[in-house]
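Every chain is numbered from 1 and lettered A, B, ... according to where its sequence line falls, protein lines coming before strand lines.
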Number of protein chains: 2
Amino acid sequence: MVSTISDIAKIAGVAKSTVSRYLNGGSVGEATKKKIQLAIEETGYSPNPFAQSLKAKKTNIIGTIVPRLDSYAASQTLIGIDEQLKEVNCQMLISNTSQKLEREIESIYSFAKQKMAGIILMATEITELHIQAFDAVKIPVLLIGQEHKDFPSLVHDDFHAAYEMGKYIFGKGHRKIAYLGVTERDIAVGIKRKQGFQKALQDKEECEIRFYETEFNIPAAQITAQTIINEFHPSIIVCATDNIALGVLKAAYLMGLSIPKDLSVTGFGGYEITEVIHPGLTTAKFFYREAGKKAAETIVDLINEKQMDRLTISQFEIIERESVDNLL
Amino acid sequence: MVSTISDIAKIAGVAKSTVSRYLNGGSVGEATKKKIQLAIEETGYSPNPFAQSLKAKKTNIIGTIVPRLDSYAASQTLIGIDEQLKEVNCQMLISNTSQKLEREIESIYSFAKQKMAGIILMATEITELHIQAFDAVKIPVLLIGQEHKDFPSLVHDDFHAAYEMGKYIFGKGHRKIAYLGVTERDIAVGIKRKQGFQKALQDKEECEIRFYETEFNIPAAQITAQTIINEFHPSIIVCATDNIALGVLKAAYLMGLSIPKDLSVTGFGGYEITEVIHPGLTTAKFFYREAGKKAAETIVDLINEKQMDRLTISQFEIIERESVDNLL
DNA sequence: CTGAAAGCGCTTACAG
DNA sequence: CTGAAAGCGCTTACAG
């Protein structure tokens with residue numbers, strides 16, 4: 001069963017070094033090539049990555065740090081990274097931090113120790129400790145989801161997505177508007193989306209806009225939504241994520257409100273479920289899987305020390321469904 | 001900087017083997033211990049895991065094979081595995097096969113080559129090639145989600161969950177029933193659930209039951225549901241998974257049917273979303289995260305060659321919500 | 001184009 | 001308790 005390079009060499013009747021050269025695309029005569037190929041097929045041989053890494057002092061593994069596994073954004077991004085990495089014969093190792101910032105730091109160091117070729121961090125917050133860690137480990141790090149001036153980042157176009165969303169709902173005649181956001185420690189979701197939205201409506205004097213804040217999870221959003229509806233009676237609640245929108249919808253149903261007649265709702269993300277529910281949720285779709293692919297490409301380029309932009313911005317698309325009433 | 005065991009040996013004035021022994025808790029004299037410790041602190045040394053693995057011919061990494069990353073069941077199970085493995089200082093390496101059976105086989109061999117301590121396979125179908133692979137790699141393998149007579153498995157109680165579901169909907173007065181299942185190549189979901197359901201209703205002569213089959217994804221289920229509704233007009237569609245139920249709900253809405261008045265629907269799984277939508281979906285909840293934990297415990301036990309049951313059955317719970325009408 | 005040999009950093013019998 | 005030596009599976013100069 002598990003065969004080594006020596007086995008192949010023996011079967012093929014050549015030296016180990018020749019097999020190694022064959023494997024790594026070095027110059028090998030046609031005849032020998034054939035023999036080696038045959039031996040490999042026969043045994044189902046594939047090289048031991050540990051031995052390879054030991055020599056190379058470096059792996060072809062990309063360590064990926066995610067705050068959670070059970071989110072649409074995370075899993076889609078991971079799938080994208082994984083797919084692309086497979087293309088270029090790299091492996092992905094996932095570290096799930098369960099939304100614990102200190103675990104992110106630990107993972108960075110531990111990945112470095114394990115000689116990862118590079119690290120992709122699906123970031124939520126970048127603290128001083130993160131920066132220290134990035135500086136300490138000498139391997140390329142790519143941020144995804146958050147931008148930082150000193151490190152290469154790939155972000156979604158949060159600002160413009162929110163800007164377009166603002167324009168869109170204004171165009172639908174909404175004037176009494178609640179924006180349900182998240183903590184500003186999260187620059188991308190907490191600040192950029194809010195700012196983009198504000199920008200879109202900043203000179204609309206006829207609008208009454210109130211800003212609220214909640215957690216990322218559905219139950220929390222549901223509770224906040226209840227308060228908002230009771231005390232403000234907006235015609236629409238613009239939510240900073242699809243999950244939050246789901247919580248708002250739940251609250252609305254429980255309060256006997258009909259969507260979108262009594263209350264309009266929008267989200268950000270483009271999760272699969274937003275299309276399945278009824279009425280469908282109008283949302284700003286981000287391309288997580290594509291972003292993951294792009295991230296994988298980028299980290300590989302970084303590893304190969306290619307020159308490149310510090311910041312990549314992934315696109316978005318406003319998806320119009322039934323959750324926004326036309327008031328005009 | 002990156003120092004090796006030789007550096008430490010030199011600094012401490014001892015042999016490499018002594019350092020190695022120190023590191024692995026072998027017997028080392030107090031004085032030497034001190035010297036080594038000092039040298040390690042001085043250099044910030046930590047062993048190269050690849051060299052360790054190469055020698056030890058075994059890692060503390062558990063390879064986990066999942067058919068997809070973007071499913072509630074998969075991510076919850078992974079989270080459970082990961083949490084438990086962290087407890088016992090093991091790592092989890094995920095291999096995503098994108099529902100390609102041949103990739104599962106590849107992953108098994110590749111994990112073996114990488115000297116994984118054990119393998120957890122979130123199985124859908126067990127083919128002859130799987131069995132060959134299990135036999136060929138000499139490391140412990142644990143199946144999760146599917147049962148096999150020759151290999152340790154952890155399964156959900158598909159049969160009884162379906163049995164209870166059958167009883168439940170019969171108790172609600174449903175007599176014209178469509179069961180929307182999946183391929184029988186998937187023993188657990190395709191056969192066990194169907195059988196449990198059949199068993200519950202086998203002696204109810206007043207029932208008209210029809211069995212249908214669809215794919216695991218929402219759009220496919222949606223299309224099949226349309227056909228079922230048009231040609232059979234059941235009072236309820238019992239779906240083999242929550243995702244399928246979601247597709248059925250979507251179809252029903254699009255056809256202008258009201259849930260549960262015009263059509264009742266149930267699922268299996270207990271995905272978070274089933275609680276959030278309105279009306280909430282009645283479903284048989286499985287405990288994926290707990291099952292993942294249990295799986296991690298089991299694989300560790302297997303690695304340590306503890307005696308244990310070949311089969312572990314994880315529990316379920318029928319969650320009653322609003323998607324089933326009471327016809328009595 | 002091909003092979004013999006050294007070495008990556010560690011562990012593990014085997015002596016002492 | 002401690003050390004010298006062999007070896008894990010691979011790669012990489014170096015000869016030929």
Quiz: residues 60-69 of chain B side-chain donor-acceptor pairs under 3.5 angstrom, not counting sequence neighbours:
unit_1  : atom_1 : unit_2  : atom_2 : d
B:Asn60 : ND2    : B:Asn89 : O      : 2.8
B:Arg68 : NE     : B:Asp70 : OD1    : 3.1
B:Arg68 : NH2    : B:Asp70 : O      : 3.3
B:Arg68 : NH2    : B:Asp70 : OD1    : 3.3

Could you check how far [atom1] of [X] sits from [atom2] of [N], rounded to whole Å?
{"X": "A:Asn24", "N": "D:dT12", "atom1": "CG", "atom2": "P", "value": "7 Å"}
{"X": "A:Leu54", "N": "D:dG9", "atom1": "CG", "atom2": "P", "value": "12 Å"}
{"X": "A:Asn48", "N": "D:dG9", "atom1": "CG", "atom2": "C1'", "value": "6 Å"}
{"X": "A:Ile36", "N": "C:dC1", "atom1": "CD1", "atom2": "C1'", "value": "11 Å"}
{"X": "B:Leu23", "N": "C:dT11", "atom1": "CG", "atom2": "P", "value": "6 Å"}
{"X": "A:Ile8", "N": "D:dG9", "atom1": "CD1", "atom2": "C1'", "value": "12 Å"}
{"X": "B:Phe50", "N": "D:dT11", "atom1": "CZ", "atom2": "C1'", "value": "16 Å"}
{"X": "A:Ile5", "N": "C:dC8", "atom1": "CD1", "atom2": "P", "value": "18 Å"}

- prompt: Counting only N and O atoms by type, is there a donor-acceptor contact under 3.5 Å from the side chain of B:Arg289 to the main-chain atoms of B:Ser75?
  reply: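 Flag not set: sc B:Arg289 to bb B:Ser75 has no pair under 3.5 Å.
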field: Under 3.5 Å: donor-acceptor pair, side chain of B:Ser98, backbone of B:Lys100
entry: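 No, B:Ser98 side chain to B:Lys100 backbone: no donor-acceptor pair under 3.5 Å.
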task: Check DNA chain C for consecutive Watson-Crick or G-U pairs with both distances under 3.5 Å and list the runs of at least three as stems.
output: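 So the stems come out as C:1-3 with D:14-16, C:5-12 with D:5-12, C:14-16 with D:1-3.
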message: Checking B:Glu106 against B:Arg103 for the salt bridge (charged side-chain N to carboxylate O under 4.0 Å, His left out) test, could you report, in this order, the C-alpha distance in whole Å, the side-chain angles of both residues, the deciding distance, and whether it holds?
response: CA-CA 5 Å; B:Glu106 282 167 26; B:Arg103 276 211 195 153; 5.3 Å; no
field: Which residues share a ring pair (Phe, Tyr, Trp, His ring centres under 6.0 Å) with B:Phe134, sequence neighbours left out
entry: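 Here the qualifying residues are B:Phe151.
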- request: Name all residues meeting the ring pair (Phe, Tyr, Trp, His ring centres under 6.0 Å) criterion together with B:Phe111; count only those two or more places apart in sequence or in a different chain, and write none if there are none.
  value: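 Checked B:Phe111 against ring pair (Phe, Tyr, Trp, His ring centres under 6.0 Å); zero matches.
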Contact list (N/O, under 3.5 angstrom) for nucleotides 2-5 of chain C vs protein:
unit_1 : atom_1 : unit_2  : atom_2 : d
C:dT2  : OP1    : A:Thr32 : OG1    : 2.5
C:dT2  : OP2    : A:Gly29 : N      : 2.5
C:dT2  : OP2    : A:Thr32 : OG1    : 2.8
C:dG3  : OP2    : A:Ala15 : N      : 3.0
C:dG3  : OP2    : A:Thr18 : OG1    : 2.8
C:dG3  : N7     : A:Ser17 : OG     : 3.4
C:dG3  : N7     : A:Arg21 : NH2    : 3.0
C:dG3  : O6     : A:Arg21 : NH2    : 2.7
C:dA4  : N6     : A:Ser17 : OG     : 2.8

Taking distance alone, no hydrogens or angles, what donor-acceptor pairs closer than 3.5 Å link side-chain atoms of residues 10-27 of chain B to residues at least two apart or in another chain?
unit_1  : atom_1 : unit_2  : atom_2 : d
B:Ser20 : OG     : B:Asn24 : ND2    : 3.4
B:Asn24 : ND2    : B:Ser20 : O      : 2.7

query: Is any side-chain nitrogen or oxygen of B:Gln52 closer than 4.0 Å to OP1 or OP2 of C:dG9?
result: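 Answer is no, no contact under 4.0 Å.
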task: Establish, with yes or no, whether the OP1 or OP2 oxygen of D:dG9 is under 4.0 angstrom from a side-chain nitrogen or oxygen of A:Thr4.
output: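 Result: no.
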- request: Please work out if B:Tyr22 contacts a base, only the sugar-phosphate, or nothing of the nucleic acid, heavy-atom cut-off 4.0 Å.
  value: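 B:Tyr22: no heavy atom of the nucleic acid under 4.0 Å.
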- prompt: Parallel, tilted or perpendicular: which fits the ring planes of A:Tyr288 and A:Tyr72, with parallel below 30° and perpendicular above 60°?
  reply: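 Correct class here is perpendicular.
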Any side-chain heavy-atom pair of A:Gln84 and A:Val88 under 4.5 Å: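 The answer is yes; the side chains approach within 4.5 Å.
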